[in-house]
**Student:** 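My questions will all concern the structure given below.
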Amino acid sequence: MNHFIEFRDVNKEYRLGKNNSFLAVDQINFSIEMGEFVVILGPSGAGKSTVLNLLGGMDRVTKGTILIDGKDITQYNDKELTNYRARDVGFIFQFYNLIPSLTARENVALVKEVVGGGLDVDEVLESVGLKEHRYQFPTQLSGGEQQRVSIARAICKDPKLLLCDEPTGALDSDTGVIILSLLQDMSKIGGRTVIIVSHNAALAEAADKVIRIKNGKVREVIINENPKPVKEVNW
Amino acid sequence: MLFRKMLRDLKSNLVQFVSIFVMTFMGIFIFTGMNAVGEGMDQSVSDFYKETKLADALIYGSDFTMEEVQNLRKQEGIHNVERRLQLNASLADNTKSMIQLNIVESNQICLNHIVEGQAFEPDKDGIWLNSSYAKENLIHVGDTLSIKIQGQLISKTVQGLIMHPEYVYALKDENEVIPDHKTFGYAFLSAHFFSGDWGFDLSYNQLLLKSNRDKKSIETIKNTVFPNKQTILVMQEDHTSVRMFQNEVSQMKAMQTVFPIAFLLIAILTTLTTMTRLTSNQRTQIGILKSVGFLNRKIIWHYMSYGVFIGTVSSMLGLFTGPIFLPKLMFKFQKGFYTLPEWNGSLDPRITIIVLGGILLCGISGFYACYKELQGVAAQILRPKPPKAGKHTKLEKSRWWNNLKFDIQWNIRDLLRNRLRSVITVVGIIGCMTLILCAFGLRDTMDDITNEAYDQINTYDTKIVLSDSTSSERMIELKKNQEYQFIQETSVEINIRDEIVSSVLTVVGDGVYINHRDKFGYKVELPKKGLAITNKIAELHDLKVGNMVTWRLYGTGSWVTGEIKVIIRNPIMQGIFISEEAYQAMDLVLRPTAFLTDEAVSEFSNNDFASVQSKEDIVKNMETMMETMNVMIAILVLAAVILGVVVLYNLGILSFQERIRELTTLKVLGFQYHKLRQLLQMQNIWLTLIGIIIGVPGGYLLLTYMLKFMGDSFDLLPHITVFSYGVSIIGTLLLSVVVNWFLSRKLRTIDMVSALKSVE
Ligand SMILES: Nc1ncnc2c1ncn2[C@@H]1O[C@H](COP(=O)(O)OP(=O)(O)OP(=O)(O)O)[C@@H](O)[C@H]1O
Ligand SMILES: [Mg+2]
């Protein structure tokens with residue numbers, strides 16, 4: 001059967017010196033279905049971010065194939081890869097990466113520059129609860145609010161895939177819960193595929209699928225038949 | 001240890017520091033170089049004057065007797081007096097050229113500088129010819145010349161080739177700009193060996209004076225010694241040759257300050273931005289240094305040392321190369337105008353203080369940058385600085401703001417938030433544009449001289465200067481020719497509100513060869529009553545149409561008064577112009593000194609004339625001078641390009657580094673390369689356009705300023721052709737586009753993964 005996302009024998013090797021290299025991702029295989037809420041867990045340095053970056057088309061594999069909707073993105077050239085990022089992927093980072101000189105609304109609206117269509121900017125901002133703050137600059141917003149801008153920015157173009165690298169890493173736990181639950185809704189209500197990299201094992205209870213990574217290898221893939229809503233998880 | 005940290009920091013901010021280096025270097029190079037040119041010319045000429053004992057004053061008159069000389073010598077304040085006869089002659093076999101003969105009695109004042117051959121001495125027979133003329137006409141020491149003086153032929157052997165301090169700048173004719181050594185020379189002879197040839201007594205017409213008195217007191221002395229004689233006193237500093245050269249020196253000195261300003265300004269501003277960025281990046285390091293126990297003083301000194309170090313190294317390099325290379329280049333150009341035995345560069349020692357000041361300013365920029373960071377206790381500094389607060393500018397409240405595309409909004413905000421950076425970029429572009437435009441403008445204006453003076457105003461082909469010996473029968477015969485236009489050109493003294501100014505009076509007979517124009521370029525006729533005065537004199541002395549002007553011919557005549565009826569503009573020659581009709585109305589008679597025609601020079605190889613000059617030769621000389629000027633223009637343009645490239649590249653890199661995180665984010669979000677490039681280049685293009693817009697009037701103003709120092713006889717309108725505007729504007733734009741293209745290649749090197757890894 002065809003999976004929405006499929007990693008086949010993916011390797012990522014970093015060259016450190018002349019004869020020295022480091023295998024950050026080592027023969028990884030896994031698959032993710034459309035609409036799943038996936039959590040990638042693992043200790044620091046395990047290779048979680050690397051996997052996510054490969055999946056998001058921000059980095060290139062050393063070996064292997066990554067299939068998205070049946071298409072091998074490792075074969076894309078720079079332009080196609082950029083297009084893929086623009087159309088299909090929404091990124092949410094630990095440090096928000098908002099443009100400081102644009103207001104919340106403008107930060108969201110700017111993705112419209114690259115893809116036509118998508119959702120209405122103001123509606124999206126309202127859906128993440130930022131209607132009143134939309135004309136403020138990032139520095140005038142709290143961390144949680146900034147992360148919500150970044151979520152709004154990611155979903156505004158209506159992507160199939162939301163990739164979140166430690167989205168709550170820089171937030172207090174209460175705010176983190178609000179953000180995570182928002183992301184879960186994106187999947188449960190919005191029908192998007194959401195993949196979250198996290199340190200927090202407790203999040204596993206809320207996920208449809210948990211992928212555990214260690215030393216660049218997939219240790220286990222757990223499928224959760226009855227994921228809990230984020231708000232009910234015991235943090 | 002901190003020195004090593006500095007070297008490493010310099011290395012990691014190479015582009016910025018290299019540009020500070022280049023700017024300081026260029027600034028100091030031009031500054032000290034031009035100073036060496038100006039000071040050197042000043043020094044070289046005054047050495048020459050000293051060596052040759054140039055007279056402090058000259059008295060023009062006629063038939064000066066030995067008693068008068070003795071009498072004058074007795075006067076207090078007069079150290080020495082000497083007689084001299086100056087008259088024009090020509091070579092028997094070369095009527096095209098004119099030689100000014102100086103027949104010297106005792107040779108104690110205004111000596112010759114010997115280039116070749118024997119020294120001039122009053123008891124030696126022979127002729128001493130100026131070396132430039134000899135060179136152009138292939139005359140050598142030992143040759144025998146046959147000289148035609150007022151109809152008589154004498155033969156003299158060339159004993160030596162010389163240079164004379166009164167002929168540093170000497171023209172045959174007021175209509176020339178550049179000396180033509182092929183057709184104009186001068187020679188010195190001893191009076192003792194002259195009277196024999198001559199056949200009658202010498203009538204000395206000049207007195208050379210050595211005195212330490214000022215003009216007023218010499219004038220008084222002169223009037224007591226010569227109560228009944230028409231004499232004219234000319235002080236050394238008013239002598240045409242001396243004055244023209246002094247003008248040139250001040251022009252060089254003016255350039256010394258104007259040009260380096262842009263470079264030094266950029267150097268200091270760049271130091272400021274670079275150091276501000278460096279210190280805010282090293283905030284934590286400053287905190288650590290402080291907590292480890294470094295005194296504020298030490299830390300401040302450390303950050304000042306960047307600017308001081310670079311400033312010192314580059315200034316020293318500029319200080320040692322500028323005064324060597326620039327004089328070499330400029331003197332080559334000056335030698336076309338002026339004749340001096342020695343051209344040496346020389347530096348005003350005070351310049352070094354200014355150089356030190358420049359270094360200090362670079363240091364102070366570093367101080368200013370880190371001083372802000374040092375405020376507060378160590379623990380506070382160790383915490384990262386809060387990011388710059390976002391602020392809505394007034395602009396955004398306007399209705400059209402929201403209709404702008406985000407890249408425009410983004411760039412506008414970015415510009416407003418990095419005002420210093422934006423200002424430096426604009427200043428750099430203004431400097432670049434101004435320099436290029438001024439360089440081209442100089443050329444255009446020079447081109448204009450040729451056009452105006454020789455195509456529009458003076459339309460004759462040949463000017464024949466009559467000599468005193470032109471027989472009256474010949475004159476009558478010449479006057480029959482209706483085609484010839486006769487003119488009288490005489491030196492005059494003008495009395496303007498009791499100030500005596502020496503100038504030239506031209507009485508213009510009937511004819512078509514002189515066409516005057518007014519200030520605005522419209523043709524004007526000389527009035528039938530009253531006179532015309534050139535614009536430069538009018539402006540200098542605040543004379544208007546309707547004012548009265550009083551003048552008298554040099555050496556003779558009483559004062560004449562006339563009313564200014566028109567003001568005309570002449571680019572190369574200033575004075576009074578009167579039509580023959582108006583002259584007659586003043587009860588005066590035009591005594592022709594020359595006539596104009598469009599017949600070829602060869603028609604007049606007759607010995608009756610003092611000289612025959614072709615306009616073509618003058619124009620050709622101008623063109624030769626323009627070629628030398630092209631080198632200067634090329635260097636100006638090169639300096640401008642360096643300024644532009646360094647500023648744009650340096651600030652482009654700075655802006656790129658500051659925005660790299662944002663650019664990476666956009667790249668991750670799926671912005672295509674060309675879109676990012678456009679985003680990055682947009683503000684540089686804007687700033688370039690602003691710089692160009694301001695630089696256009698800037699270039700015009702700089703040109704106007706430069707022309708001010710061109711000397712009293714010039715009246716040049718700054719003129720820049722459309723072509724020059726086009727080339728400078730397109731050139732500057734192109735420069736910006738090329739630099740931006742290089743900058744945007746950096747976009748390809750962005751590594752999305754590592755750039756977004758953490759907050760800095
Ligand atoms: N550019 C690089 N060059 C060399 N090695 C790298 C590079 N980027 C990452 N690595 C290595 O690859 C490994 C995986 O890195 P990665 O960022 O994926 O870890 P992670 O699982 O996201 O860790 P964390 O939870 O701390 O973010 C690490 O050991 C890291 O040292
Ligand atoms: Mg990570």
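A note on names: the letters A, B, ... follow the listed sequences, proteins ahead of strands, and every chain is numbered from 1. For clarity, every value in this text was computed on a predicted model and none was experimentally measured.
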**Student:** So, does Q672(B) use its side chain to make a donor-acceptor pair with the main chain of T82(A) at under 3.5 Å?
**Tutor:**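 It does not hold such a pair.
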**Student:** Is the NZ atom of K71(A) crowded by more than 12 outside heavy atoms at less than 6.0 Å?
**Tutor:**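 Check fails, neighbour count at 12 or below.
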**Student:** For the backbone of N97(A) and the side chain of R661(B), can you confirm whether one donor and one acceptor N or O come within less than 3.5 Å of each other?
**Tutor:**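 No: the side chain of R661(B) does not pair with the backbone of N97(A).
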**Student:** Please flag which part of R153(A) lies under 4.5 Å from any non-hydrogen atom of chain B: side chain, backbone, both or neither.
**Tutor:**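 Answer is side chain: those atoms of R153(A) sit under 4.5 Å from chain B.
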**Student:** Using non-hydrogen atoms only, which part of N83(A) is less than 4.5 Å away from chain B: side chain, backbone, both, or neither?
**Tutor:**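 Its backbone and side chain both get close to chain B.
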**Student:** Does OH in Y368(B) sit with more than 12 non-hydrogen atoms of other residues, nucleotides or ligands closer than 6.0 Å?
**Tutor:**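 At most 12 heavy atoms, drawn from other residues, nucleotides or ligands, come within 6.0 Å of this atom.
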**Student:** Of all of L102(A), D165(A), N53(A), which one pairs up most often with chain B through heavy atoms under 4.5 Å apart?
**Tutor:**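 Among L102(A), D165(A), N53(A), the one with the most close pairs to chain B is L102(A).
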**Student:** Short question: side chain of R85(A), backbone of V668(B) - any donor-acceptor pair under 3.5 Å?
**Tutor:**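 Yes.
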**Student:** Is the count of non-hydrogen atoms from other residues, nucleotides or ligands lying under 6.0 Å from K746(B) atom NZ greater than 12?
**Tutor:**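 For K746(B), atom NZ is not crowded (no more than 12 foreign heavy atoms under 6.0 Å).
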**Student:** Rounded to the nearest 0.5 Å, how far does CZ of F93(A) lie from OG1 of T665(B)?
**Tutor:**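 Here the rounded value is 6.5 Å.
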**Student:** Is there a side-chain contact between I99(A) and W410(B), using heavy atoms and a 4.5 Å cut-off?
**Tutor:**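 I99(A) reaches W410(B) side chain to side chain.
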**Student:** Counting C-beta onward and ignoring hydrogens, is there a side-chain heavy-atom pair between L110(A) and L666(B) closer than 4.5 Å?
**Tutor:**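 With C-beta onward as the side chain, the pair touches.
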**Student:** Hey, does E106(A) have a side-chain heavy atom less than 4.5 Å from the side chain of R413(B)?
**Tutor:**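 They are in side-chain contact.
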